[in-house]
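Here is the structure we will look at, set down as structure tokens.
Reminder, nothing fancy here: chain letters follow the sequence lines and each chain counts from 1.
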Number of protein chains: 2
Amino acid sequence: MNQDSTLGKTPKTARGQKTREKLLRAAELEFGESGFHSVGINDITRRAGVALGTFYVYFESKEEIFRALVGYMSQRVRSWIAERLVDVPDRLAAEQRGLELFLEFVREHKGLYRIISEAEFVAHDAFVAHYTAFAGAYRENLEAAGRRGEIGAGNYEVWSWAIMGMAVFLGLRFAEWDDEAHPKEISTAVMDLIASGMGAKGS
Amino acid sequence: MNQDSTLGKTPKTARGQKTREKLLRAAELEFGESGFHSVGINDITRRAGVALGTFYVYFESKEEIFRALVGYMSQRVRSWIAERLVDVPDRLAAEQRGLELFLEFVREHKGLYRIISEAEFVAHDAFVAHYTAFAGAYRENLEAAGRRGEIGAGNYEVWSWAIMGMAVFLGLRFAEWDDEAHPKEISTAVMDLIASGMGAKGS
DNA sequence: ATGAAACATGAATCAAGATTCAACTTTGGG
DNA sequence: CCCAAAGTTGAATCTTGATTCATGTTTCAT
């Protein structure tokens with residue numbers, strides 16, 4: 001229908017660009033703090049420092065800006081982690097470091113984390129897209145590591161979803177609810193579980 | 001304040017009891033299918049086959065009935081699984097069977113599953129209570145198994161959250177989104193991961 | 001059998017908040 | 001410098017849907 005999928009709402013001017021960004025930033029904070037249904041458009045515009053009507057110059061609806069945010073930050077988490085995961089020796093190390101990074105990210109961006117979670121109900125398609133993409137990438141990493149012999153054979157599709165789930169719940173418990181524990185402790189504990197299993201060990 | 005915490009809304013009659021249950025059952029279906037915010041009180045009453053006003057005879061508000069539902073089903077999942085987990089030989093077997101049961105439960109009760117998830121945003125305290133209770137029980141199981149020497153030492157608090165997260169995400173992917181895969185395949189794949197780790201094995 | 005307590009009803013009320021709009025201001029290319 | 005396009009404004013409009021309430025019906029303990 002439309003080249004930009006944003007129905008001609010794309011700003012043409014520097015000023016417009018700036019305003020749109022102010023709205024996005026404000027929405028990120030508001031949604032992150034209070035959740036989709038308790039924030040009103042006027043909360044967003046007030047925080048952005050623009051008038052109510054301005055909102056509709058750039059967005060079709062409240063749902064659209066939320067959806068935009070989900071896409072935006074789905075991008076962010078993944079690239080933020082990927083960037084810092086370059087010089088890691090092998091898959092197991094990547095696993096551990098990746099979890100630490102994820103926990104750190106959540107602590108610094110609780111709002112974004114909540115936005116993705118809430119997307120399950122507010123923008124289900126965006127939610128599906130996010131985790132599908134994430135799991136897909138993850139699975140490829142596992143397969144590559146498998147070919148390199150760094151990890152054993154297994155059902156990598158299942159593994160990738162299992163590991164994502166772990167990360168999300170640990171983020172909930174040890175980043176969103178409780179800031180105290182050191183990420184390294186968590187990641188180490190998880191590595192005990194994932195690397196060699198819970199079967200009785202030497203200790 | 002009140003003996004029953006339900007502000008005198010508790011039914012005194014057999015008829016009342018029945019009506020309240022009809023409402024609860026209807027709400028379970030509606031919330032499960034459409035999510036908290038898109039169901040109206042009249043959707044619930046229509047489905048229950050009672051008049052709109054009747055709702056407020058038994059519940060203070062839409063949120064209250066949702067909260068009641070969360071508690072109700074938090075109970076249900078746990079006991080449903082626990083009941084069927086009696087004659088299991090050891091912790092590892094319990095782990096595998098428990099996951100299968102969870103997946104089966106989700107398939108049969110997708111609505112209830114969604115209700116608990118959505119509680120994170122609609123009834124945060126009930127959500128916290130549910131997972132706190134679940135994790136607590138889980139942790140005790142792990143500790144007991146640890147004392148019996150069935151599993152190795154580890155940070156059981158972290159493990160229990162990790163395993164819950166796995167279960168929830170696998171439920172999302174392989175029960176809510178996709179009914180096809182056999183639960184046993186999933187649980188087996190996970191056992192590979194959890195029992196002996198992803199480190200390279202014989203195969 | 002009977003009347004007070006319980007329960008049921010659904011039209012009317014009310015609040016909240018999303019969206020529209022017509023008037024006004026700024027920008028930037030020519 | 002000039003004006004059409006782009007952007008801004010916020011009061012007014014419109015929907016939606018939760019909650020109330022006055023009235024009628026049923027239950028059940030006495």
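Salt bridge present: Asp125(A) and Arg67(A) bring a charged side-chain N and a carboxylate O closer than 4.0 Å.
Separating the NZ atom of Lys18(B) from the C1' atom of dT26(D) is a distance of 14 Å, rounded to the nearest angstrom. Summarising the geometry, the separation between OH on Tyr56(A) and C1' on dA11(D) is reported as 15 Å, rounded to the nearest angstrom. Between the C1' atom of dT8(D) and the NZ atom of Lys22(A) lies a distance of 11 Å, rounded to the nearest Å. Atom C1' of nucleotide dA5(D) and atom NZ of Lys12(A) are separated by 10 Å, given to the nearest angstrom. Atom CD1 of Ile41(B) is separated from atom P of dT20(D) by 11 Å (rounded to the nearest Å). The interatomic distance linking Ile65(B) (CD1) with dG17(D) (C1') rounds to 16 Å, in whole Å. One interatomic measurement links the two molecules: NE2 of His37(B) to P of dG17(D), which rounds to 13 Å at whole-angstrom precision.
Remark: Thr54(A) is in phosphate contact with dT9(D), judged by side-chain N or O atoms under 4.0 Å from OP1 or OP2. Within the structure, a side-chain polar atom (N or O) of Thr19(A) is placed less than 4.0 Å from OP1 or OP2 of dT8(D).
Listed by chain and residue number, Arg139(A) satisfy the side chain to side chain donor-acceptor pair (under 3.5 Å) test with Glu143(A) (two or more places apart in sequence, or in another chain).
Side-chain atoms of Glu30(B) never come within 3.5 Å of backbone atoms of Ile44(B) as a donor-acceptor pair (strictly under, hydrogens ignored). A donor-acceptor pair under 3.5 Å links the side-chain atoms of Lys9(B) to the main chain of Tyr56(B), judged by distance alone. The closest donor-acceptor contact from the side chain of His182(B) to the backbone of Lys184(B) lies under 3.5 Å. Side-chain atoms of Lys62(A) come within 3.5 Å of backbone atoms of Phe36(A) as a donor-acceptor pair (strictly under, hydrogens ignored).
Heavy atoms of Gly40(A) sit under 4.0 angstrom from primed sugar atoms or phosphate atoms, though from no base atom.
Each of Arg15(B) and Asn42(A) was matched to the nucleotide of DNA chain C holding its nearest heavy atom; the match closer to the 5' end belongs to Arg15(B).
Minimum interatomic distance between Lys110(A) and Glu176(A) (heavy atoms only, all atoms of both residues): NZ-O, 3.8 Å.
A nucleotide of DNA chain C counts as in contact with chain A when one of its atoms lies under 4.0 Å from a heavy atom; the first and last such, 5' to 3', are dA18(C) to dG28(C).
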